[in-house]
Amino acid sequence: MAPKTKLSRTRNIGIVAHIDAGKTTVSERILFYTGKSYKLGEVHDGEAVMDWMPQEQERGITITSAVTTCEWKNHDIHIIDTPGHVDFTIEVERSLRVLDGAVVVFCAVAGVEPQSETVWHQADKYGVPKIAFINKMDRVGADFDHALDMMQARFRSRPVPVQIPVGAEDTFGGVVDLIAMKYLVWDDSTQGREYSAVDIPEAFAGAAVREREKMIETLADVDDNLADAYLAGEEIAPSQLIAALRQATIALKIVPVLCGTALRNKGVQPVLDAVIHYLPSPEDIPPVRGVNPKTKEEEVRHSSDKEPLAALAFKIQMDEGRKLTYLRIYSGQIAANGEVYNAVKKKKEKIARLLRMHSNKRERIEKASAGEIVAVLGLKDTTTGDTLCDESRPIVLEQIEFYEPVISQAIEAKTPADQEKLAVALVKLADEDPTLRVKYEDETAQTVISGMGELHLDVIVDRLKREFNAHVNVGRPRVVYRETISGRVDAEGVFEKELGDKKHYGRVCLELAPRKRGAGNDIVNALDETIVPAEYHEAIEEGLREAMTSGVLGGYPVIDIGVRITGGAYREGESSQQAFKIAAATAFREGCLAAQPAMLEPIMMVDIITPSEFMGDVIGDINARRGEIQSVNPKGPISEVKAKVPLKAMFGYSTDLRSATQGRAVFSMLFETFDRA
């Protein structure tokens, strides 16, 4: 067998899950067992390596995705530990965009939770192969089979257990490996560093044989070679099983499922083995596609050092005042002190330093090549989603989609000295976090920050104080509304004025009509060039686009409107770009006023998991908040309620829910749509 290339021994994986399923604990164990950390850091003590921000240590949650590299059985594993909280979904989105595989962690008690569904679908969107780890098998109420049933019911991919647990809750002893047919037992005295493979206890032997049989049957469905051997009744070797599992996982047909308890140090090393066995190396994934900005043709780049450079900047982080850019290199090589070309900004950039990251520590390297995830210092203009490439062979890779903010808050500096710091800090934070929007409102002389949720804005304000020493007063959170129209209308706008010694003239006729929710705005140019010359068409469209940013009711962005430019008038020697731009904006505003303008508010999909005895109270409370119940699923002692509720009615909901359910219910919410207020 030929020696494996360095690329085939590389894995780029993310650890994703619902909040509190134990992702960071799994990451910490991986670092400990691969020799990257010398002691176990615990999230609840605020000592986890991957949760290095003070805000993360205090709240016991992950806020930013941390990148690290470790080595296991001669393979390089690059790991991104991502947040589970819905306010930081963008961190998961951009991490999955650049990863080749994911480890999805589930809690054995709760099974598939709302946010784990979201991250699973995000992984599906980018075609990322997954393995699943059912964690917390030692907790009261842990149920491996129930978690598997939920995965089968909610996901398109087929979960295939490659292990079964021996015992559960306080009797959880270890796992049976269905491939080698051995019982794996961890040694507590070495903090789980050492484990042994022994014969399967008799009580579990029957179940192990049945489950292995099931696994082989599922694989035979998706792998012809294995099907032939199975039907012929041949003994199937572990190496054949691993090869078939790998192929089916990379083809997104199945998801291997493992189990254990990371906090009690049981079951982590087999997850590392599974990453190597079943998840793809950069060589196994399809070549990355992009568009040549010059020819507009689609091009591909294979994962190889020999190809021209193509790298995606997927995250910006401010570090001691300097801008650190995280890159995933898809093809070619990058060297420290070298030059790269930013194909989106059409600018050359110089790389000052090249770093391999270990959470927030780093080591300097001289060059990096295809398949690696590295951080660089020195890129001035590069932002999240930009492509860096070779100037002679430019390419623009698919950009990352960002979410629209749904909540905003006014902030103001406490002193003039804070004002200067605030301006600088907000620019840096907005660079780092594409879901944060900053706007200065002239009328109120306030700065308004908008984001994904209350926690998101809380963390931003906290970081302004700590990292940038900018002290601010904070207003109450406000909802970000939108505006639209309800009727069809024709409108015209005329601009005729003498400015200086030059006359300016422009006339524009429009037809406005509402579009269905979520359809977005649409401008159709039906202007005849004999009526208004083509050189003014762009100015008219620009005037319309600018007018759409602030509506007639409250100055909020206007959405879901169809505009048709039907006519106008022009005068030789008097017409100008500016006149047509203003005329178009005037016509649009007049039209909106006449077409029954309406306010739209953000509606959230709220998912509540509550003990069944409090279900009546929870539903009553949702109704009182103008909510619409979508579904109620009783699952024995707990029930799940899904409802659509206006965001405005959800402020302070976590406190109310806690007091109504003795602190036992949890909820998560995702933005659903904008609808009538």
Side-chain angles (χ1 to χ4, degrees), residues 402 404-405 408 437-444 448 450 480-601 674-677:
F402 299 133
E404 284 300 309
S408 66
R437 304 286 160 84
V438 179
K439 189 174 157 197
Y440 184 73
E441 288 193 352
D442 294 329
E443 290 174 16
T444 56
V448 176
S450 311
V480 180
Y481 291 93
R482 294 284 186 274
E483 297 184 24
T484 191
I485 56 171
S486 314
R488 229 199 107 279
V489 58
D490 293 313
E492 75 160 352
V494 180
F495 182 79
E496 190 172 5
K497 237 187 192 151
E498 226 171 275
L499 299 172
D501 50 1
K502 190 181 176 329
K503 281 186 173 170
H504 289 264
Y505 175 80
R507 176 169 168 263
V508 176
C509 299
L510 305 175
E511 187 182 286
L512 306 185
R515 303 183 74 200
K516 75 174 208 296
R517 273 312 137 261
N521 292 332
D522 183 38
I523 299 175
V524 176
N525 186 350
L527 257 183
D528 195 326
E529 289 183 17
T530 55
I531 300 174
V532 175
E535 71 215 59
Y536 300 117
H537 291 196
E538 183 52 43
I540 293 174
E541 289 186 32
E542 201 180 313
L544 286 171
R545 277 194 291 272
E546 275 181 24
M548 285 172 174
T549 59
S550 93
V552 293
L553 293 174
Y556 294 104
V558 180
I559 60 168
D560 301 340
I561 289 190
V563 182
R564 195 178 156 83
I565 309 167
T566 52
Y570 132 96
R571 288 181 193 159
E572 186 75 54
E574 288 186 12
S575 286
S576 66
Q577 305 272 358
Q578 197 59 30
F580 275 109
K581 198 171 160 182
I582 296 170
T586 310
F588 182 76
R589 291 184 74 83
E590 302 275 314
C592 284
L593 282 167
Q596 301 147 357
M599 291 280 265
L600 300 175
E601 64 179 342
F674 279 100
D675 217 336
R676 283 288 171 104

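Keep in mind the model is a prediction, meaning the values are calculated, not measured.
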Check residues 589-598 and write down every donor-acceptor pair under 3.5 Å in which the side-chain atom is one partner and the other belongs to a residue at least two apart or another chain.
| unit_1 | atom_1 | unit_2 | atom_2 | d |
| --- | --- | --- | --- | --- |
| Arg589 | NH1 | Ser550 | O | 3.3 |

- Query: When rounded to the nearest 0.5 angstrom, what is the spacing between OH in Tyr556 and OG1 in Thr484?
  - Reply: 15.5 Å
- Note on the structure: Sequence neighbours excluded, the answer for side chain to side chain donor-acceptor pair (under 3.5 Å) partners of Arg545 is Glu538
- Side chains of Leu510 and Ile565: does their closest heavy-atom pair fall under 4.5 Å? yes
- Query: Nearest heavy-atom pair of Gly506 and Ala579: which atoms, and what distance?
  - Reply: N-CB, 3.8 Å
- Is the shortest heavy-atom distance from the side chain of Asn525 to the side chain of Glu541 under 4.5 Å? yes
- Query: Taking all atoms of both residues into account, what is the closest heavy-atom pair of Phe580 and Ala569, and its distance?
  - Reply: CZ-O, 3.3 Å
- Task: Could you check if a side-chain atom of Glu483 sits within less than 4.5 angstrom of a side-chain atom of Val552, using non-hydrogen atoms only?
- Result: yes
- Task: Please list, chain by chain and in numerical order, all residues satisfying side chain to side chain donor-acceptor pair (under 3.5 Å) with Glu529, sequence neighbours excluded.
- Result: none
- Any Val508 side-chain heavy atom under 4.5 Å of Phe588 side chain: no
- Item | Listed once per pair and sorted, the salt bridge (Lys or Arg N to Asp or Glu O under 4.0 Å) pairs that draw on residues 546-560, sequence neighbours left out | Arg517-Asp560, Glu546-Lys581
- Residue set satisfying side chain to side chain donor-acceptor pair (under 3.5 Å) with Glu496, at least two apart, ordered chain then number -> Arg571
- Query: Tell me, do Pro557 and Thr549 make a side-chain contact under 4.5 Å, heavy atoms counted?
  - Reply: no
All N/O donor-acceptor pairs, side-chain side in residues 498-505, below 3.5 Å, sequence neighbours left out:
| unit_1 | atom_1 | unit_2 | atom_2 | d |
| --- | --- | --- | --- | --- |
| His504 | ND1 | Ser576 | OG | 2.7 |

